[in-house]
Amino acid sequence: MKPERRMPVLHSLRRMFICPPCAGQSNVPVPLEKDRAVLYWMDTGELENEITFFNYYQTMSHQRQKKVDSYVLLRDKRLSLGAGILVDKGLSAWGLSKREAVVSYRENGKPYLPRFPHIHFNLSHSGNKALAVFAGVETGCDIEPLQKADLDLAKRFFTRKEYDFIVGQQGSTRQDEAFTRLWTLKESFLKAVGTGLMLSLDAFEITISSEGKIVLCRKNDEARALCPGEFEFREYRLGEYCAAVCFWKESGRTESRTPSGCRWK
């Protein structure tokens, strides 16, 4: 019997159990069930080592290998491989192997598991960080490095209240953080609902209270029709990165089939 290959340790890979909607508590380690979710992240800089990269690349599905190969820049190859590593970790937590859980993609590019419709997941990567969330409800996630607040973009595409929240922060550093937080929260919402470009950024509003409570407001009939039910958000600060997760309690939801064009990772 051939001995199992010893894989290089990924020291930056982290896992956190979290509670999606109505579970009653947050960030408490619990068994992975329908009412729980798990978040994974890692620093893809560890894959700069050629041996580490090759060893993990060899364990990937043919589908993921093709995706890694499709990128030209080494940085992007590492990000794609990192996302694949996190998918495999998430699948194993549900007791699934790569062969059992074939990943398919909807018309808008959002990944899903056709044989396991009760398991929802989403991916994001940026800079040198990869992020994945697995849950028993529809979910979306986004991660971005702390970036300079683009006030012109915020004024043009965000709601007035969101713009005022950013410019109302004292100092450029706090404005940068407010802008990045809102960006990741709005992206996580769009990725959870899978509407792609059908829903504009100002069709819904994210409010962050001084205590950190996050409230979603649908601003028009289109948003209310496309995104029924309740939503709950989580935010994380991972070093110089902001990350957000959105959970959709799918009351009255019908499956969204939208045109391509949204930036799924």
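This chain uses plain numbering: 1 for the first residue, then up along the sequence.
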- Distance (rounded to the nearest 0.5 Å) between Tyr56 OH and Asp88 CG: 10.5 Å

- Heavy-atom check, side chain of His125 versus side chain of Leu123, under 4.5 Å: no

- Message: As a quick check of understanding, evaluate side chain to side chain donor-acceptor pair (under 3.5 Å) for Ser126 and Glu144, giving each step before the final call.
- Response: CA-CA 6 Å; Ser126 184; Glu144 302 289 344; 3.3 Å; yes

- Determine, stepwise, if the pair Val193 / Phe204 fulfils side chain to side chain contact (heavy atoms under 4.5 Å, CB included). CA-CA 12 Å; Val193 299; Phe204 63 98; over 6 Å; no

- Query: Taking it one step at a time, do Phe165 and Ile206 satisfy side chain to side chain contact (heavy atoms under 4.5 Å, CB included)?
  - Reply: CA-CA 10 Å; Phe165 173 75; Ile206 302 288; over 6 Å; no

- Treat each ILVMFWY residue as a node, draw an edge where side-chain heavy atoms are under 4.5 Å apart, and state whether Phe179 and Leu151 are in one component. yes

- Query: Does the side chain to side chain contact (heavy atoms under 4.5 Å, CB included) test come out yes or no for Leu185 and Leu216, once each step is laid out?
  - Reply: CA-CA 10 Å; Leu185 286 164; Leu216 169 73; over 6 Å; no

- Task: Please report the shortest heavy-atom distance between Trp248 and Val137, naming the atom on each side.
- Result: O-CB, 3.5 Å

- Considering only heavy atoms from C-beta outward, does the side chain of Ser188 approach that of Val245 to under 4.5 Å? no

- Task: Any chance you could measure Met42, atom CE, to Leu238, atom CG, to the nearest 0.5 Å?
- Result: 13.0 Å

- Query: So, for Ile166 and Ala154, which heavy atoms are closest and what is the spacing to 0.1 Å?
  - Reply: CD1-CB, 3.9 Å

- Are Leu146 and Val167 co-members of a hydrophobic cluster defined by side-chain heavy atoms under 4.5 Å apart? no

- Item | Val68 side chain near Met60 side chain, heavy-atom distance below 4.5 Å | no

- Query: Run the side chain to side chain donor-acceptor pair (under 3.5 Å) check on Tyr57 and Asp69 step by step: do they pass?
  - Reply: CA-CA 10 Å; Tyr57 176 87; Asp69 294 341; 2.8 Å; yes

- Message: For a 4.5 angstrom cut-off between non-hydrogen side-chain atoms, does Asp142 reach Asn122?
- Response: no

- Can you name the residues that form a salt bridge (charged side-chain N to carboxylate O under 4.0 Å, His left out) with Arg237, not counting sequence neighbours? Glu177

- Item | Within 6.0 Å of NE2 in His62, more than 12 heavy atoms from elsewhere | no

- Task: Assess the side chains of Ser209 and Glu211: does a donor N or O sit below 3.5 Å from an acceptor N or O?
- Result: yes

- Item | Heavy-atom closest pair, residues Leu47 and Gly82 | CD1-N, 3.8 Å

- Query: Centre of Phe158's six-membered ring, under 6.0 Å away, within 45 degrees of the axis: is that where NZ or CZ of Lys186 sits?
  - Reply: yes

- Identify the two heavy atoms, one from Lys110 and one from Lys191, that lie closest to each other, and give their separation to 0.1 Å. NZ-O, 2.8 Å

- Task: Please say whether more than 12 non-hydrogen atoms of neighbouring residues, nucleotides or ligands are located less than 6.0 Å from CZ in Arg218.
- Result: yes

- Could you go through the side chain to side chain contact (heavy atoms under 4.5 Å, CB included) check for Glu46 and His11 one step at a time? CA-CA 8 Å; Glu46 288 197 81; His11 297 283; 3.9 Å; yes

- Message: Tell me whether the count of non-hydrogen atoms from other residues, nucleotides or ligands lying under 6.0 Å of CG in Leu73 goes above 12.
- Response: yes

- Task: Provide the closest heavy-atom pair for Lys77 versus Val72 in the form atom of the first, atom of the second, distance.
- Result: CE-O, 4.0 Å

- Message: Are the side chains of Leu131 and Tyr241 in contact, using a 4.5 Å heavy-atom criterion?
- Response: no

- Message: If I take atom CZ from residue Phe53 and atom OG1 from residue Thr44, how far apart are they, to the nearest 0.5 angstrom?
- Response: 10.5 Å

- Item | Same apolar cluster (I L V M F W Y, side chains within < 4.5 Å links), Trp41/Leu79 | no

- Task: Kindly confirm or rule out a cation-pi arrangement of Lys67 over Tyr105, judged by NZ or CZ under 6.0 Å from the six-membered ring centre and within 45° of its axis?
- Result: yes

- Query: Under the salt bridge (charged side-chain N to carboxylate O under 4.0 Å, His left out) criterion, do Asp152 and Lys155 qualify, and how do the steps go?
  - Reply: CA-CA 5 Å; Asp152 289 336; Lys155 190 171 186 178; over 6 Å; no

